[in-house]
Amino acid sequence: VVVTCSGRPGCVLLGKRKGSIGAGTFQLPGGHLEFGENWEDCAKREVLEETGLHLNNVYFATVVNSVKLEENYHYVTIFMQGEVNMDYDSEPKNLEPQKNEGWDWIKWEDLPPTDQLFCPLACVRQ
């Protein structure tokens, strides 16, 4: 989920993966759809579970088909975008420390190099 915040113009929320495929690469918050869940609700739920942030204005951004043969990785990733709801706390918390090193606001143009991004995010950046 591309998370933006009116208090952090031009920035997105970025974390560093731990303990799974892509460990050590940078990622956006997100996860898998629950059975019967729509994309918007999934984006809101995943961001809340991982960061404690509530989202507004969630919408479809893009989709990528990510394949890394050397890692036996193939996912179709739906990217959603949403804004932090400023009626709630707007500082992200690392609520899944076993999966992520922490969250930082980073300007889109200052994202790390493509080879340091988790595969789906690298595909979007290209």
Side-chain angles (χ1 to χ4, degrees):
V1 180
V2 180
V3 177
T4 61
C5 181
S6 61
R8 308 276 186 159
C11 292
V12 298
L13 197 58
L14 195 67
K16 196 172 199 182
R17 294 177 66 84
K18 286 172 59 175
S20 64
I21 293 174
T25 61
F26 292 92
Q27 66 176 352
L28 302 173
H32 296 97
L33 282 167
E34 301 280 337
F35 183 80
E37 187 175 42
N38 68 46
W39 298 350
E40 293 85 1
D41 289 342
C42 177
K44 289 177 182 178
R45 176 184 54 77
E46 286 288 350
V47 169
L48 184 60
E49 288 175 359
E50 294 179 12
T51 71
L53 297 174
H54 295 260
L55 295 183
N56 281 333
N57 306 319
V58 176
Y59 59 92
F60 172 79
T62 191
V63 64
V64 295
N65 182 29
S66 307
V67 180
K68 278 192 118 173
L69 296 176
E70 64 277 9
E71 294 181 25
N72 199 32
Y73 176 92
H74 184 190
Y75 269 82
V76 174
T77 304
I78 301 161
F79 282 88
M80 303 296 288
Q81 186 164 340
E83 301 170 7
V84 173
N85 182 337
M86 300 303 280
D87 292 338
Y88 298 89
D89 186 5
S90 63
E91 278 306 309
K93 297 166 191 62
N94 189 17
L95 299 178
E96 294 184 340
Q98 71 283 8
K99 296 180 181 179
N100 184 56
E101 290 186 16
W103 298 108
D104 289 303
W105 293 105
I106 305 292
K107 289 202 175 283
W108 182 260
E109 60 270 14
D110 295 336
L111 285 178
T114 303
D115 65 340
Q116 294 178 28
L117 301 176
F118 185 49
C119 188
L121 183 55
C123 290
V124 167
R125 183 100 187 278
Q126 291 175 340

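- Between Cys11 and Ile106 the shortest side-chain heavy-atom distance does not fall below 4.5 Å.
- Between the side chain of Glu50 and the backbone N or O of Gly30 there is at least one donor-acceptor pair closer than 3.5 Å.
- Between His54 and Tyr88, the angle of the ring planes stays under 30°, which puts this pair in the parallel group of the 30/60° scheme.
- Comment: Lys44 does not engage Glu40 in a salt bridge, judged by the lack of any side-chain N to carboxylate O separation of less than 4.0 angstrom.
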_Pair Glu83, Asn56 - check side chain to side chain donor-acceptor pair (under 3.5 Å), show working._
CA-CA 5 Å; Glu83 301 170 7; Asn56 281 333; 5.8 Å; no
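- Within 6.0 Å of NZ in Lys18 there are more than 12 heavy atoms belonging to other residues, nucleotides or ligands.
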*side-chain contact (heavy atoms from CB on, under 4.5 Å) evaluation trace for His32 with Tyr75*: CA-CA 11 Å; His32 296 97; Tyr75 269 82; 3.4 Å; yes
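- Under the 3.5 Å distance criterion, the side-chain polar atoms of Asn94 are matched with a main-chain donor or acceptor of Asn100.
- Taking the six-membered ring wherever Trp is involved, the centroid distance between the rings of Tyr59 and Phe79 does not fall below 6.0 Å.
- Leu28 and Ile78 are members of different hydrophobic clusters when ILVMFWY side chains are connected at heavy-atom separations under 4.5 Å.
- Checking side-chain atoms of Glu37 against main-chain N and O of Glu34 turns up a donor-acceptor pair under 3.5 Å.
- Using a distance-only test at 3.5 Å, with no hydrogens or angles considered, no donor-acceptor pair links the side chain of Lys68 to the main chain of Gly22.
- Shown here are the ring-ring contact (aromatic ring centres under 6.0 Å, His included) partners of Phe60, two or more places apart in sequence or in another chain: Trp39.
- Using a 4.5 Å cut-off on side-chain heavy atoms (C-beta onward), Val84 and Val3 make contact.
- Glu91 and Arg8 are joined by a salt bridge, as a carboxylate oxygen and a charged side-chain nitrogen come within less than 4.0 angstrom of each other.
- Criterion: ILVMFWY side-chain heavy atoms under 4.5 Å apart, direct or through other members. Under it, Leu121 and Leu13 are not part of a common hydrophobic cluster.
- Counting only distance, with no hydrogens or angles, the side chain of Arg125 and the backbone of Pro112 share a donor-acceptor pair below 3.5 Å.
- Put simply, the side chain of Asn85 never gets that close to the backbone of Leu55: no donor and acceptor are under 3.5 Å apart.
- Under a hydrophobic clustering in which Ile, Leu, Val, Met, Phe, Trp and Tyr are joined whenever their side-chain heavy atoms come within less than 4.5 Å, directly or via other members, Val76 and Met80 fall into the same cluster.
- Side-chain contact between Pro113 and Phe26 is absent, with no heavy atoms from C-beta onward closer than 4.5 Å.
- With hydrogens and angles disregarded, no donor-acceptor distance shorter than 3.5 Å links the side chain of Ser90 to the backbone of Met86.
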